[in-house]
Undergrad: 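Got a structure for you, questions after.
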There are 2 protein chains.
Amino acid sequence: MGRHREFDVEKALDGVLCVFWRKGYEGTSYADLTEAAGVERPALYSAFGNKEALFRKALARYYERHLHYLPEALEMSVARDVVAHILTNAVDLNTRFPEHTGCFIINGVLAGSDDAESIRQALIEARAEAEMQLRERLERAKAEGDLDETASPATLAAFVLAVTHGIAVQAKAGFSRETLTAVAEQALSTWPVGKAG
Amino acid sequence: MGRHREFDVEKALDGVLCVFWRKGYEGTSYADLTEAAGVERPALYSAFGNKEALFRKALARYYERHLHYLPEALEMSVARDVVAHILTNAVDLNTRFPEHTGCFIINGVLAGSDDAESIRQALIEARAEAEMQLRERLERAKAEGDLDETASPATLAAFVLAVTHGIAVQAKAGFSRETLTAVAEQALSTWPVGKAG
DNA sequence: GTGGTTTAATAACGGTCGTTATGAAAAATT
DNA sequence: AATTTTTCATAACGACCGTTATTAAACCAC
């Protein structure tokens with residue numbers, strides 16, 4: 001029986017999540033990671049694996065702690081409320097923490113070096129999954145008459161995600177919660193409500 | 001009178017623009033830059049200065065060659081046409097070149113290391129300048145009755161830029177021109193036309 | 001043909017990158 | 001008390017980062 005692990009793995013991962021959220025995958029060095037986690041590099045490697053594996057664990061932690069509002073939204077009975085819930089919570093999450101604004105998934109990698117490609121693809125897949133889930137929910141809404149019959153669920157889902165991503169970019173640039181709330185409301189302002197809605 | 005410069009500075013800068021557009025500021029190494037420009041590092045330094053100065057010159061080149069549609073749009077006499085022109089051309093620019101999709105200004109730096117902060121701020125200012133110009137144009141539209149009197153030019157400008165940024169993120173992720181065109185049209189469908197419009 | 005100036009390539013600089021070898025420390029078992 | 005096992009910190013690894021020193025090449029004036 002050997003030496004017990006001395007540091008709190010959960011707190012270390014929370015710290016790592018914050019610095020990846022603030023600086024992105026490639027902008028974050030091991031100097032940043034060890035400072036944020038409070039342990040030295042070999043201990044990080046031992047607990048989490050290499051940088052890529054660590055980022056993937058931070059991404060999973062982001063889902064656990066911060067993206068509950070997406071499945072919550074998809075459970076709502078009115079399509080407009082689904083989208084309102086998504087946009088409202090996105091604005092809140094992107095502006096709640098002054099030390100890391102914006103969205104972890106957008107901040108992670110947009111354009112990067114060849115070495116970052118696997119992470120970039122993982123983040124694209126994460127966004128595609130969210131969009132697919134929203135599209136399916138809007139298809140159900142349309143079938144239920146909760147969406148105008150000329151509306152395209154695919155287009156609306158892509159539009160909502162585009163606005164969400166744009167809000168993330170603006171939040172990271174320092175836009176205020178008030179401004180971004182107004183943007184979300186603008187997006188929602190002529191939601192194609194169905195006859196049953 | 002010494003040796004003449006052997007390489008085409010303009011073509012070198014065009015090549016550099018492409019690789020920064022594809023990989024972003026920090027994702028691009030000097031190995032990438034020398035390959036894209038077709039000259040070795042000391043020649044790049046001699047002609048353009050350090051990496052940061054080079055990126056700024058590439059940004060200026062991006063404006064010269066690709067962002068003509070913004071001043072064109074601002075000259076249009078109907079506000080809705082202004083926004084339509086911006087969104088349509090953004091979709092076109094973000095999807096026209098398969099070897100570098102998305103927007104140079106969004107791809108450059110969203111989140112980055114401390115070393116990239118000055119470039120990140122330069123890109124934020126570029127976006128802020130575009131938004132401010134659009135906001136001023138929309139204020140004029142409102143004064144002319146070309147915009148609903150309850151509409152907020154500031155919010156609409158922020159909304160249009162958010163959609164434009166979201167389109168850029170999606171284009172870089174591989175979304176089709178058709179999908180992004182539909183997103184742009186969806187955004188436009190919410191446009192608050194004025195009584196005179 | 002020589003000298004002066006400018007440009008280009010090669011190679012290397014100092015530092016940082018992500019990763020790991022090594023020895024020490026801390027634990028439990030014997 | 002000694003041994004085994006696991007974890008931690010220090011230091012260093014090989015490679016790459018952005019930048020530059022040095023030498024050679026190409027140009028023009030004389």
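By convention in this document, chain letters (A, B, ...) are assigned in the order of the sequence lines, proteins followed by strands, and residues within each chain are numbered from 1.
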Undergrad: I'd like to know if the side chain of B:R137 reaches the main chain of B:L74, judged simply by a donor and an acceptor atom lying under 3.5 Å from each other, with no hydrogens or angles considered.
TA: yes
Undergrad: Which whole-number value in Å describes the distance from B:K51 NZ to D:dC16 C1'?
TA: 12 Å
Undergrad: Between atom CG in B:L44 and atom P in C:dT10, what is the gap in whole Å?
TA: 14 Å
Undergrad: Does D:dG18 have OP1 or OP2 under 4.0 Å away from a side-chain N or O of B:Y30?
TA: no
Undergrad: When the distance from CZ of A:F48 to C1' of C:dG18 is rounded to whole Å, what number comes out?
TA: 17 Å
Undergrad: Is there a side-chain contact between A:R5 and the phosphate of D:dC8, meaning an N or O under 4.0 Å from OP1 or OP2?
TA: yes
Undergrad: Nearest whole angstrom, please: distance from the P of C:dT16 to the CD of A:E35.
TA: 15 Å
Undergrad: Please figure out whether B:Y45 or B:H4 has its closest DNA chain D nucleotide nearer the 5' end.
TA: B:Y45
Undergrad: Rounded to whole angstrom units, what separation is found between the CD atom of A:E26 and the P atom of D:dG18?
TA: 11 Å
Undergrad: Relative to the 5' end of DNA chain C, which residue comes earlier, A:R41 or B:E6, by the nucleotide with the nearest heavy atom?
TA: B:E6
Undergrad: Could you tell me whether A:T28 contacts a base, only the sugar-phosphate backbone, or nothing, with contacts defined as non-hydrogen atoms closer than 4.0 Å?
TA: sugar-phosphate
Undergrad: Write down the atom of B:F55, the atom of B:G108, and the distance for their closest heavy-atom approach.
TA: CZ-CA, 4.1 Å
Undergrad: How many Å lie between CD on A:E40 and P on C:dG18, as a whole number?
TA: 15 Å
Undergrad: Is any side-chain nitrogen or oxygen of B:S29 closer than 4.0 Å to OP1 or OP2 of D:dC16?
TA: no
Undergrad: To the side chain of A:A43, which of C:dT19, C:dA9, D:dC8 is closest?
TA: D:dC8
Undergrad: Assign each of B:D32 and B:R3 to its nearest nucleotide of DNA chain D by heavy atoms, then name whichever residue's nucleotide is nearer the 5' end.
TA: B:D32
Undergrad: To the nearest angstrom, how far is B:D114 atom CG from C:dT16 atom C1'?
TA: 14 Å
Undergrad: Which of parallel (below 30°), tilted (30 to 60°) and perpendicular (above 60°) describes A:Y30 and A:Y45?
TA: parallel
Undergrad: Check for me whether B:K51 meets the cation-pi criterion with B:Y25, that is, NZ or CZ under 6.0 Å from the six-membered ring centre and within 45 degrees of the ring axis.
TA: yes
Undergrad: Does a side-chain N or O of B:N50 approach OP1 or OP2 of D:dT19 to a distance below 4.0 Å, or not?
TA: yes
Undergrad: Just checking A:E149: does its CD atom have more than 12 heavy atoms from other residues, nucleotides or ligands closer to it than 6.0 angstrom?
TA: no
Undergrad: Starting the side chain at C-beta, find the nucleotide from C:dA9, C:dG18, D:dA9 nearest to B:V39.
TA: C:dA9
